[in-house]
Amino acid sequence: MAELDELLTAALRDLATEAPALPPLPPRARRRIRARRATAIVASVAVVAGVSAGAVLGVRALTKAAPPPASPRHQVTAYVLSGSGRVIPIRAATNQALPPIKLGRNRVLCAIAVTPDGKTAYVASHGPGFAGTVTPIRTATGTALRPVKVGPGPCALAVTPNGKTVYVINLASNTVTPIRTATNTALPPIRVGSRPLAIAITPDGKTAYVTTRGPVARCPGTVTPIRIATNTALPPVRVGGCPIAIAITPDGKTAYVAAGSQVTPIRTATNTALRPIKDGHIPVAIAITPDGKTAYVVNFATSRGLTVTPIRTATNKALPPITVGRTYPQNLPSIAITPDGSTVYVITNVAGPAHPDAVTPIRTATNTALAPITVGRGSCALAITPDGKTVYVANMSPGTVIPIQTATNTALAPIKVGRGACGIAVMQHGGRAETKSR
């Protein structure tokens, strides 16, 4: 496990060498870097959302259709990764924690993604020696199926829009393992560049993009495209800096990569890097609005505090940064956008490291930060329900999940899920899923 921690921490050390003037990362964040798989991952509209956030949530939001009422067949459930090797389901209608799904006390749960039909959740984990597995969970019954062996140190997942394949980043072996969901069998691993960390899949399901950072002593890094039809890696795209997060626009035309001191757009039709976007900050997480018009980029904290930079995707122009907090949260920042695109939510800290973390909403119409919402200590992941009414925030230290009502931006009573909670997926039975994994 120490080797895996070192690989993950290297990503932040690389960024620090590119920005020596920035304040050091807090010790708590350094110790718990494994609790945040850049993804923005992985996530919501950033990296993965059960099917790649930009792919499903973005496309559906563009239709502007109202979500269906939550009948029993379409009820919403949040799945939380707990530090005790358990997955805790939460019924969104009542904010009640359901019986835990046990994956093993010696397993470190690393990432979660849900298929587009909502029938299966996939959880990546590793045990002693960081031997990696992915466990399918049948959501209708809360039953864990037989684990699928993958490479060492799995740290991120993405599911194709048709739900046929799960792609797993194996950090310690520099590979990506495809899993065929019909049979839950692993296919031959795909070798990519050194130290892969984040993955996103285009909405048409033709290409997966994996960030890689090159040898430990060297950046810039690259993004490796994978042709999904043949599971073959294409020539890497140089992006400059050390890439740590990636997001793809809902139309699938552009991938945005947080790399070093810049954001690099990639034209997916030709897999070519465009002119990098620089605004003097170090980006660490990205989310794109459902209409595809704006990318919101979370930056390392500077003398201005923690900021978010909006980027107009039509011109790739950075707008003035928005201050959302005083400093880093106790883990790393996380970001998600409501399905209607009206509000961005960012995990931050407004009072200093000795105080609880907060979530700051940003009104996208005006790019203004609203009053921060106190959520607890060790906040490390958030996800939004498909109807956009609730944000769920996982808090590692107290082992709770805080629901936030988006209509009023008020926090509700914490839901106990067990210490070490730091990964969350929200899905609706019968379809629509959003993931924010660690």
Side-chain angles (χ1 to χ4, degrees), residues 39-43 45-49 51-63 116 156 158-165 167 169 176 178 190-193 196-213 220-241 243-260 262-278 283 286-297 310-318 337 341:
T39 28
I41 195 68
V42 215
V45 257
V47 182
V48 290
V51 289
S52 165
V56 169
L57 290 181
V59 170
R60 294 202 180 192
L62 283 173
T63 66
V159 186
T160 54
N162 62 12
K164 292 184 177 180
T165 311
Y167 285 88
I169 289 183
V176 173
I190 305 162
R191 184 157 292 278
V192 293
L197 190 64
I199 182 170
I201 297 176
T202 54
D204 62 9
K206 292 183 178 180
T207 311
Y209 288 88
V210 180
T211 66
T212 55
R213 300 188 309 287
T222 61
V223 172
T224 300
I226 295 174
R227 184 174 290 141
I228 287 176
T230 58
N231 283 328
T232 53
L234 305 179
V237 183
R238 291 179 67 89
V239 293
I244 195 170
I246 184 170
I248 298 175
T249 53
D251 63 10
K253 293 182 178 180
T254 311
Y256 287 87
V257 184
Q262 63 195 33
V263 174
T264 300
I266 295 175
R267 184 174 290 139
T268 59
T270 58
N271 287 329
T272 53
L274 306 180
R275 183 187 299 274
I277 304 162
K278 299 182 179 182
I286 306 177
I288 298 175
T289 53
D291 63 10
K293 293 182 178 180
T294 311
Y296 285 87
V297 181
I311 295 174
R312 283 202 183 113
T313 59
T315 60
N316 285 330
K317 179 183 177 181
I337 301 177

Exercise for the section: Mind running side-chain contact (heavy atoms from CB on, under 4.5 Å) on T211 and I244 for me, showing each step along the way? Expected result: CA-CA 7 Å; T211 66; I244 195 170; over 6 Å; no

Handout entry: Side-chain donor/acceptor of T254 to backbone N/O of P265, under 3.5 Å
Key =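 Pair absent, no side-chain N/O of T254 close to backbone of P265.
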
Handout entry: Side-chain (Q262) to main-chain (V239) donor-acceptor, under 3.5 angstrom
Key = yes

Might you point out which heavy atoms bring [X] and [Y] nearest each other, and give the distance in Å?
X    : Y    : answer
I201 : T160 : CD1-N, 3.9 Å
A255 : T268 : N-CG2, 4.0 Å
P283 : G260 : CD-O, 3.1 Å
P116 : P161 : CG-O, 3.2 Å
G221 : P243 : CA-CD, 3.7 Å
I277 : A318 : CG2-CB, 3.9 Å

Practice task
Could you grab the distance from atom CD1 of I228 to atom NZ of K164, nearest 0.5 Å is fine?
Solution key: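 Going from the CD1 atom of I228 to the NZ atom of K164 covers 12.0 Å.
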
Problem - Heavy-atom side-chain proximity of P235 to N271 below 4.5 angstrom - result: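 No, their side chains stay 4.5 Å or more apart.
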
Practice task
Decide yes or no for L274 and N316: does some side-chain heavy atom of the first lie under 4.5 Å from some side-chain heavy atom of the second?
Solution key: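 L274 vs N316: side chains touch.
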
Fill in the blank from the handout: Which of V297, T249, I266, T264 passes side chain to side chain contact (heavy atoms under 4.5 Å, CB included) with Y256? Answer is T249

Exercise for the section: Check the pair I226, V192 against side-chain contact (heavy atoms from CB on, under 4.5 Å), reporting the backbone distance first and the verdict last. Expected result: CA-CA 9 Å; I226 295 174; V192 293; 4.2 Å; yes

